[in-house]
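One structure below.
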Amino acid sequence: MNLQDNLELQVKSAIKTLFDAELESVEFQATRKEFAGDITVVVFPMLRVVKGNPAVIGEQVGQYLQDNVAVVKGFNVVKGFLNIEIADAYYVNFFNGIKGEKNYGFAEVKGNKAIMVEYSSPNTNKPLHLGHIRNVLLGYSVSEILKASGKKVYKTQIINDRGIHICKSMLAWQRFGEGESPESAGLKGDKLVGNYYVKFDKAYKNEIAELVKSGVSKDEAEKQAPILLEAQEMLRKWEGGDEEVVALWKKMNGWVYEGFEKTYKEIGVDFDKNYYESDTYLLGKEFVAEGLRSGVFYKKEDGSVWCDLTEDGLDEKIVLRSDGTAVYMTQDIGTAIQRIKDYPDVGGMVYTVGNEQDYHFKVLFLILQKLGFDWAENLFHLSYGMVDLPSGKMKSREGTVVDADDLIEEMASTAEEISEELGKLEDYSEADKKELYKTIGLGALKYYILKVDPKKRILFDPKESIDFQGNTGPFIQYTYARIQSILRKAEIEDISVDEIELHEKEKQVIKQLAQFPEVIQNAADQHSPALIANYTYDLVKEFNSFYQNVSILGADSELEKGFRVALSANVGHAIKNAFSILGIEVPERM
RNA sequence: GGUCGCAUAGCUCAGCUGGAUAGAGCACCUGCCUUCUAAGCAGGCGGUCCUAGGUUCGAAUCCUAGUGCGAUCACCA
């Protein structure tokens, strides 16, 4: 039983004994630094069942605890706050319990239901950008956090491989490409296809301008531009299975997938399974027909199929066009069902998608419930805020995007500049240096994005580079590296320490360490890597303060030295584990 | 217009189910490298927690209204 649970029981029995009253719960908080004590009981809520002066009640409860609980060695009362001092032995004992535990913080997998996390849903007509990076980092981290909290997790993505967007790139390539390929151009496939998407847009705009000049209204021109009509025709051909179009579609999508794979690999994320909308939209259609039979949906005169959600406070939603073709919703219905078919142990799903789609997912979940799937109760939209630039939204067509690959490279080269300046890596090989710069650069980027609450939007200014000092990834990596340095030098056998007087800084570190498992559970419940990031930062701050104020290798006794080395090692494990569920690597040196 | 989200120091962000004098980092200012890596430590400066009401012993936190910003309400995805 942990300290707080134990104290809760004791406080309850104190109230019972002293005042013959029943307490529902006890409110605890960490004791503020300016007061003596380790944990604080808030007396005010007790006034509901015990009448009296909170300071006096605090005194009495405090005395009771001191008399009856071994680990309570003292107390003081400030206003309605009972500050309890805990004996060092408790913390030493706790530490001995977790000493050397490499997996500290991680829970065992329990239950037989798995969660599927979707965390990427790219269109195949353009490369990944900073917005995708946030999406991917968030989802990957939430997957790892869920695993660490004891859940079985499948990671997946949905690739939006069909539709007018890819036809535009295909058409532009046909027209202007002259057979260009990633190999011939020396370009990543996604970049190449993205270029043709931009080329399409240029040609399209030119045609609109021409039409407007010849007297057509702008609205009309946007609808009539020949190149657009041709792209639409191409989409129809694709849906009709036209061999030539399908072959081109396969070829260009293949280029894009290769490019995506490279980027994912650079970022360091992976998927257990990929889904393609071209595979799942048909299943969606089947279930629309099914829903039509069961009365969940209804058909309008023009043949389009709708779901009436007005009773749920929402609007009517189209699930199938009048010409019988699928809409976004159709595909998502199909994809969800397909996933459960493929993985019957999945009991819930998490969709990592931007908050611009809040409404869409509200509707999707409701429709799946109406269709009667029991797992539809356990769907969660992990909705995150957009990443905006000072100039506003990122737009691929207008070239105002921060490209994912470029950004990762820039981060590494910033890390290189800083490292070179500090000059601590003289004896490193070029290859090792390069590896390290990548670790640090990516660490900075990932931490920068993950430390903020997912639902808040991020304003990213490319001119102001991401920090490497203070509350940053590299700061935490640096602390880890210093710990490893100590461990390399320590040459200490495993010493068991039962009785030792703790230095204040040591106690603070142990307290912080003790919270880790709970923080993971919290982060899992709230789907928030930010909680992990902030926790890690606090832990590292405590450790650094300890490190700078207390000599570890120069401790007065072998016993103390051994204890401090072991404590440092455990902080190292916690940092490494915390960062691993953020998807960030830690270096042995830096 | 309806709905949803956000608003805390000059900037970037914490603040858990309501609890003590609202915390960090960056920036600015002071100290600390002859001792385990100074990407660090110790300290200083800096706040109308958007506004107004309400609930409560107690509100940055909960409720109501308003303001500002963003998103969304397509036979687009």
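Lettering of chains follows the sequences in order, A, B, ..., and the numbering in each one begins at 1. Remember, predicted model here, so these are calculated numbers, not experimental data.
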Quick one: which of rC36(B), rC41(B), rA77(B) gets closest to the side chain of F475(A)? rC41(B)
Just call it for P45(A): base, sugar-phosphate, or nothing, with non-hydrogen atoms closer than 4.0 Å on any strand. base
Contacts of D201(A) meeting side chain to side chain contact (heavy atoms under 4.5 Å, CB included) (sequence neighbours excluded), chain-then-number -> Y204(A), K205(A), R397(A)
Considering only side-chain heavy atoms of I486(A), which listed nucleotide, rG19(B), rA39(B), rU37(B), is closest? rU37(B)
Run the side chain to side chain donor-acceptor pair (under 3.5 Å) test against T325(A) and tell me which residues pass, sequence neighbours left out. R321(A), D323(A)
Please enumerate all residues that pass side chain to side chain contact (heavy atoms under 4.5 Å, CB included) together with L47(A), with sequence neighbours excluded. F44(A), P54(A), I57(A)
For F287(A), all residues meeting ring-ring contact (aromatic ring centres under 6.0 Å, His included), sequence neighbours excluded: F373(A)
Can the ring centroids of F543(A) and F546(A) be said to lie less than 6.0 angstrom from one another? yes
Please classify rC28(B) as syn or anti, treating any glycosidic angle within 90° of 0 as syn. anti
Review item, nucleotides 20-29 of chain B N/O atoms under 3.5 Å of protein N/O:
residue : atom : partner : partner atom : Å
rA20(B) : N6   : T40(A)  : OG1          : 3.1
rA20(B) : N6   : N83(A)  : OD1          : 3.1
rA20(B) : N1   : N83(A)  : OD1          : 3.3
rU21(B) : OP1  : K79(A)  : NZ           : 3.3
rG23(B) : OP1  : R32(A)  : NH2          : 2.5
rA24(B) : O2'  : Y537(A) : OH           : 2.8
rA24(B) : O2'  : K541(A) : NZ           : 3.4
rG25(B) : O2'  : N471(A) : N            : 3.3

Are any protein N/O atoms closer than 3.5 Å to N/O atoms in nucleotides 2-9 of chain B? If there are, list each pair with its distance.
residue : atom : partner : partner atom : Å
rA7(B)  : OP1  : K456(A) : NZ           : 3.1

Between rG40(B), rC36(B), rA14(B), which nucleotide gets closest to the side-chain atoms of S551(A)? rC36(B)
Going by ring-ring contact (aromatic ring centres under 6.0 Å, His included), name the residues that satisfy it together with F380(A), two or more places apart in sequence or in a different chain. H527(A)
Give the nucleotide from the list rA77(B), rU37(B), rA39(B) with an atom nearest to the side chain of F468(A). rA39(B)
How would you list, by chain and number, every residue that makes a side chain to side chain donor-acceptor pair (under 3.5 Å) with Y275(A), sequence neighbours excluded? D342(A)
Closer than 4.0 Å, any side-chain N/O of R321(A) to the OP1 or OP2 of rA77(B)? yes
What would the secondary structure line of RNA chain B be in dot-bracket form, counting Watson-Crick and G-U wobble pairs under 3.5 Å, with [ ] for pairs that cross earlier ones and | for pairs with another strand? (((((((..((((.....[...)))).(((((.......))))).....(((((..]....))))))))))))....
Answer yes or no: side-chain N or O of T479(A) and base N or O of rA39(B) forming a donor-acceptor pair under 3.5 Å. no
Any idea which of rU72(B), rG40(B), rA39(B) is nearest the E356(A) side chain? rU72(B)
So, OP1 or OP2 of rC36(B): does either fall under 4.0 Å of a side-chain N or O from S485(A)? no
With sequence neighbours excluded, residues passing side chain to side chain contact (heavy atoms under 4.5 Å, CB included) with E420(A): E416(A), K433(A), Y437(A)
How far does the P atom of rU67(B) sit from the matching atom of rU51(B), given to the nearest Å? 15 Å
Listing request: all ring pair (Phe, Tyr, Trp, His ring centres under 6.0 Å) pairs with a residue in residues 464-487 of chain A, at least two apart in sequence or in separate chains. F475(A)-Y537(A)
At 4.0 Å (heavy atoms only), tell me whether S545(A) reaches a base, stays on the sugar-phosphate, or touches nothing. sugar-phosphate
Rounding to an integer number of angstrom, what distance separates rC26(B) and rG44(B) when you compare their C1' atoms? 16 Å
Touch class at under 4.0 angstrom, heavy-atom based, for V550(A) against every strand present: base
With Y328(A) via side chain to side chain donor-acceptor pair (under 3.5 Å) - residues at least two apart: Q357(A)
Does a side-chain N-to-carboxylate-O contact under 4.0 Å join K446(A) and E585(A)? no
Phosphate OP1/OP2 of rA39(B) contacted by Y478(A) side-chain N/O (<4.0 Å): yes
